[in-house]
Every structure is written in C-alpha cells, then in structure tokens.
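Encoded as structure tokens, the structure appears first; notes follow it.
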Amino acid sequence: MKRLFIFCIVIPFFSCEKDDEIFSKDCFTESIAIDSKINGGSILQTWVIAHPEDTYTFDMAQKTNADWVSLSPLIAIRDVSVQSSPYKYKFPISNEVYKMRVIIPRISNNGIQNIMLKPLTSFGSVKENVSDSGFWGDFYVDTEEEWQEVERAYAEFFYEFAKLSEEFPEVKLLAIGNELKEFSKRCPQFFKGLIAKIRADFPNLKLTYAANWDEYESVSFWEHLDYIGVNTYFPLVNKKTPSVDEIKRAFIPIKNNLKRLSCKYNKPIMFPEYGYRSIDYAAWEAWLLGNVTTLNYNFEVQNNAYIAFFETFWDEDWVAGGFFWEWKVLINGEVNNPKENGWYVNDKPVEEIIKNRYGN
C-alpha cells in the first residue's frame with residue numbers, strides 16, 4: 001500500500017510559470033498506431049449507480065457494443081477554511097472514492113471491464129477573482145498563494161482517484177483534467193508535476209487530459225501523457241440539418257490539425273467526449289442550444305453528425321477511439337423517453353449507428 005505524499009509533488013515554486021512550446025520531428029502515423037480502438041460511452045449520472053437501495057438498468061454494452069465506459073462525476077471544490085481545516089480548499093475525496101467503490105463493481109458486473117475515470121471539476125466555491133461565466137474552463141485565480149491552495153486540493157483529489165486503479169484493475173485510464181482551459185494554460189508545470197507523480201506511483205495506469213475543442217492546441221504537456229485527449233464539440237455547419245457530406249467537409253481542417261498534433265508529439269488522439277444532441281443546429285454551437293426539452297427534436301442531424309464523425313476519424317491508425325456523450329442510466333423502473341433533444345443516445349436511431357460501428 002502506497003502512502004500519500006501528494007504535497008511533495010515536485011513543481012517550481014511559481015507553478016503557473018509558462019514554458020516554451022516543444023516541437024518534434026515529423027512522423028509516420030504507423031509509429032503511433034494503437035492496438036485496438038477504445039469503443040466507449042460516458043456516464044455523468046454516477047450518483048444513480050452509487051445508491052445501493054436503488055434498482056437500475058445499465059445495458060450500454062448490450063445496446064451499443066461499447067467495451068469501455070467513462071465515469072464522469074461532477075465534483076465541486078469546497079472552501080473548508082471555516083471548518084478549522086489547515087487548508088483553504090478541499091474536494092470531497094472520501095465521499096467520491098466511496099461512490100466509485102460501489103459503482104466500479106456494478107459496471108463490471110454489467111459487461112464492461114475497461115474504465116476511464118474522468119472527474120468534471122467545478123470551482124464555484126473559490127469566490128474571489130474567478131470568471132463569472134459559469135464555465136469551469138474559464139476558472140482562474142490571480143495570486144500565486146491562491147493557486148497553490150487550489151493546486152494542493154486538486155493534486156490530492158486526483159491522486160486518490162488514481163489510487164483506485166490498484167484496487168480495481170478495470171480502472172485502466174485516468175483523465176487528469178477536463179476542459180480547464182485557463183488552468184492548463186496558466187499552470188503547465190503543475191500538471192507536469194501531477195502527471196509525473198501519478199506515473200511514478202501507478203505505472204500501469206494510462207493518462208490523458210480532456211481538452212475542449214478550443215483548448216487542445218495550447219496545451220503544453222501532451223508529451224507527458226499516453227493520449228492527446230480532445231472533446232469534439234467543434235462548431236461545424238450552421239444549418240438545422242446539414243448532410244453527412246457537409247459535416248465531413250467541415251471536419252477536414254480539424255482532422256488535419258489533429259493529425260499534425262499527433263505526429264508532433266508521437267501520441268495517438270483520443271476523444272474523451274464526442275457526441276451531438278438530437279436538436280436543430282446540433283452540428284453548430286452546441287453550448288448555445290438551450291435546455292433539453294421535447295420540442296424541435298431532430299434525429300436526422302444527430303445521426304448525420306455521428307456518421308460523419310465516425311467516417312472521418314474512426315478508421316485512422318492515429319486515432320485511439322473515444323467515448324460518446326452520453327448514456328442514461330435508468331433507475332427504479334424508469335422508462336426512457338427518446339423524443340427529447342438532449343445528448344442521450346438511448347433508444348434513439350443513433351444508438352444503432354454506434355452499435356454497428358463499435359461492432360466492426
């Protein structure tokens with residue numbers, strides 16, 4: 001059993017110091033080809049599976065041929081300075097690790113033996129000097145003292161999640177962050193130190209970082225990870241229902257950029273999140289499409305976007321695969337309503353598209 005020396009992660013005192021971009025030689029993509037694709041799906045509702053008293057239906061493997069799952073709990077940092085704590089901030093580690101200990105065996109018992117842990121970290125309790133956009137990617141603080149408090153809490157939390165890989169061999173992959181554009185840009189040395197610590201103590205655990213579509217080119221620590229992780233919410237075609245060919249054409253410059261990045265670092269590209277809503281304009285600016293309702297649902301655009309995505313990327317030898325967003329876990333006899341315009345793929349026509357692709 002390893003002891004926790006998380007505060008001894010070796011990083012410079014000014015951990016938010018930027019570093020110069022590193023360029024590598026051109027490569028042949030065969031040198032970064034992966035053995036098998038990650039055919040995965042994402043679960044945000046981890047709290048559902050964590051309740052022992054609830055009955056639930058988790059049939060993602062049977063319905064989509066997925067053999068990986070990404071567990072993506074939304075977890076907020078807390079200000080504990082008023083609780084006689086020696087630290088200012090802390091994530092609810094013991095509670096979240098307990099949930100994982102309940103969830104992981106249940107996932108394994110339902111036919112999936114490969115798990116990525118990808119916590120979605122929120123920083124709403126850090127009140128001072130924070131962007132008011134509401135998006136965790138815009139989170140930052142102004143002082144080095146404040147950064148050190150945040151970094152300590154963040155490193156402690158992700159180390160404990162990494163430690164779950166010792167207890168559960170199904171945990172094979174960890175995302176050390178998700179869409180933290182400002183954090184990753186301002187504090188690359190911190191992330192390099194965290195990666196080095198986790199690698200040293202858990203050498204069998206693969207690592208990635210889930211960069212947002214507008215962030216991946218500015219991340220400066222890809223060479224230290226196993227996969228370059230890109231969440232694919234790119235604005236593609238500004239039409240209600242673009243065709244497959246129109247979406248594929250919009251993907252061309254994106255594909256070229258991702259291939260160059262893969263060659264630059266000699267690392268495969270992996271998509272920690274990919275997916276499209278069943279709503280008008282789903283292939284455009286998804287974050288502006290409003291709340292999920294049963295109005296203006298559009299299966300055709302969701303289908304077209306998934307088909308275009310798969311036909312563009314899935315057969316490339318430098319693409320490691322990824323996790324569709326998302327799968328709904330049904331509890332206590334709940335019946336799914338596919339006629340809504342959200343991200344869920346359950347019982348929508350796109351479910352069969354995923355199943356066919358993952359089955360090949």
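These numbers were taken from a predicted model, which means no experiment stands behind them.
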**Q.** Name of the residue among Asn212, Leu74, Thr121 meeting side chain to side chain contact (heavy atoms under 4.5 Å, CB included) with Trp136
**A.** Leu74
Any sub-3.5 Å donor-acceptor pair from [X]'s side-chain atoms to [Y]'s backbone N or O?
| X | Y | result |
| --- | --- | --- |
| Thr64 | Met60 | yes |
| Glu340 | Gly342 | yes |
| Asp315 | Glu311 | no |
| Lys206 | Leu174 | no |
| Tyr358 | Gly40 | yes |
| Arg277 | Asn341 | yes |

Q) To the nearest 0.5 Å, how far apart are OG in Ser262 and CH2 in Trp222? A)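 Separation between the atoms: 11.5 Å.
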(Q) As a quick check of understanding, evaluate ring-ring contact (aromatic ring centres under 6.0 Å, His included) for Phe161 and Phe202, giving each step before the final call. (A) CA-CA 11 Å; Phe161 260 55; Phe202 312 102; over 10 Å; no
Flag the pair [X] / [Y] as yes when at least one side-chain heavy-atom distance between them is below 4.5 Å, and no otherwise.
| X | Y | value |
| --- | --- | --- |
| Leu71 | Ile115 | yes |
| Asn231 | Phe271 | no |
| Ile75 | Leu120 | no |
| Phe323 | Met270 | yes |
| Glu351 | Ile354 | no |
| Ile279 | Asn296 | yes |
| Val69 | Met116 | no |
| Phe91 | Phe158 | no |

Q: Give the C-alpha distance, both sets of side-chain angles, the deciding distance and a yes or no for ring-ring contact (aromatic ring centres under 6.0 Å, His included) between Tyr209 and Tyr227.
A: CA-CA 8 Å; Tyr209 170 80; Tyr227 302 105; over 10 Å; no
Between the side chains of [X] and [Y], does any donor sit under 3.5 Å from an acceptor?
| X | Y | value |
| --- | --- | --- |
| Glu273 | Thr232 | no |
| Trp314 | Asn39 | yes |
| Ser243 | Asn304 | no |
| Asn336 | Asp347 | yes |
| Asn298 | Thr241 | yes |

Q.
Quick one, Phe313 with Tyr274, criterion side chain to side chain contact (heavy atoms under 4.5 Å, CB included). Give me CA distance, side-chain angles, the key distance, then yes/no.
A. CA-CA 11 Å; Phe313 293 108; Tyr274 72 87; over 6 Å; no
(Q) For Lys348, I'd like to know if atom NZ has over 12 heavy atoms of other residues, nucleotides or ligands within 6.0 Å. (A)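 Counting neighbours around NZ of Lys348, more than 12 heavy atoms of other residues, nucleotides or ligands fall under 6.0 Å, so yes.
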Q. Under 6.0 Å from the NZ atom of Lys240, do we count more than 12 heavy atoms belonging to anything else shown?
A. no
Taking a hydrophobic cluster as the set of Ile, Leu, Val, Met, Phe, Trp and Tyr residues connected by side-chain heavy atoms closer than 4.5 Å, whether directly or through intermediates, do [X] and [Y] fall within one such cluster?
| X | Y | answer |
| --- | --- | --- |
| Phe299 | Phe324 | no |
| Val171 | Trp68 | no |
| Val301 | Tyr276 | no |
| Ile252 | Phe234 | no |
| Val345 | Leu330 | no |

Is [X] salt-bridged to [Y], cutoff N-O under 4.0 Å?
| X | Y | result |
| --- | --- | --- |
| Glu223 | Lys267 | no |
| Glu166 | Lys163 | no |
| Glu334 | Lys328 | yes |
| Arg249 | Asp245 | no |
| Arg152 | Glu156 | yes |
| Glu352 | Lys355 | no |

Q.
Under the rule for side chain to side chain contact (heavy atoms under 4.5 Å, CB included), what residues qualify as partners of Arg199, not counting sequence neighbours?
A.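 Checked Arg199 against side chain to side chain contact (heavy atoms under 4.5 Å, CB included); matches are Ile195, Leu207, Asp226.
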(Q) Can you see whether Tyr89 has Arg78 sitting over its ring - NZ or CZ less than 6.0 Å from the centre and within 45° of the normal? (A)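 No, cation not above the ring by the 6.0 Å, 45° rule.
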(Q) Looking at Tyr56, I'd like to know if the NZ or CZ of Arg106 sits under 6.0 Å from its six-membered ring centre while staying within 45 degrees of the ring's axis. (A)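 No - Arg106 does not lie over the ring of Tyr56 by the 6.0 Å and 45° rule.
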Q | Check against salt bridge (charged side-chain N to carboxylate O under 4.0 Å, His left out), Lys181 and Asp138 | A | CA-CA 6 Å; Lys181 182 177 181 179; Asp138 295 329; over 6 Å; no
Q) Testing Glu149, Glu146, Glu151 for salt bridge (charged side-chain N to carboxylate O under 4.0 Å, His left out) with Lys88, which one passes? A) Glu146
Q | salt bridge (charged side-chain N to carboxylate O under 4.0 Å, His left out) partner of Arg101, chosen from Glu96, Glu167, Glu160 | A | Glu167
Q: Search all heavy atoms of Glu179 against all heavy atoms of Ala211 and return the closest pair with its distance.
A: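 Looks like CG-C, 4.4 Å.
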Q: Go through Trp318 and Ile269 one step at a time and tell me if the side chain to side chain contact (heavy atoms under 4.5 Å, CB included) criterion holds.
A: CA-CA 6 Å; Trp318 48 273; Ile269 301 292; 3.7 Å; yes
Q: Tell me, with the steps shown, if Leu173 and Leu117 meet side chain to side chain contact (heavy atoms under 4.5 Å, CB included).
A: CA-CA 6 Å; Leu173 179 58; Leu117 300 181; over 6 Å; no
**Q.** Verdict with reasoning, Phe123 to Phe135, per ring-ring contact (aromatic ring centres under 6.0 Å, His included)
**A.** CA-CA 9 Å; Phe123 299 89; Phe135 175 48; over 10 Å; no
Q | Pair Trp327-Trp343, ring-ring contact (aromatic ring centres under 6.0 Å, His included): steps then yes or no | A | CA-CA 8 Å; Trp327 187 261; Trp343 300 93; over 10 Å; no
(Q) Quick check on the 6.0 Å ring-centre criterion: do Tyr140 and Phe183 meet it? (A)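 Distance test on ring centres: not under 6.0 Å, no.
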Q) How far apart are the C-alpha atoms of Ile112 and Phe58, what are their side-chain angles, what is the distance that settles it, and do they pass the side chain to side chain contact (heavy atoms under 4.5 Å, CB included) test? A) CA-CA 10 Å; Ile112 294 183; Phe58 178 66; 4.1 Å; yes
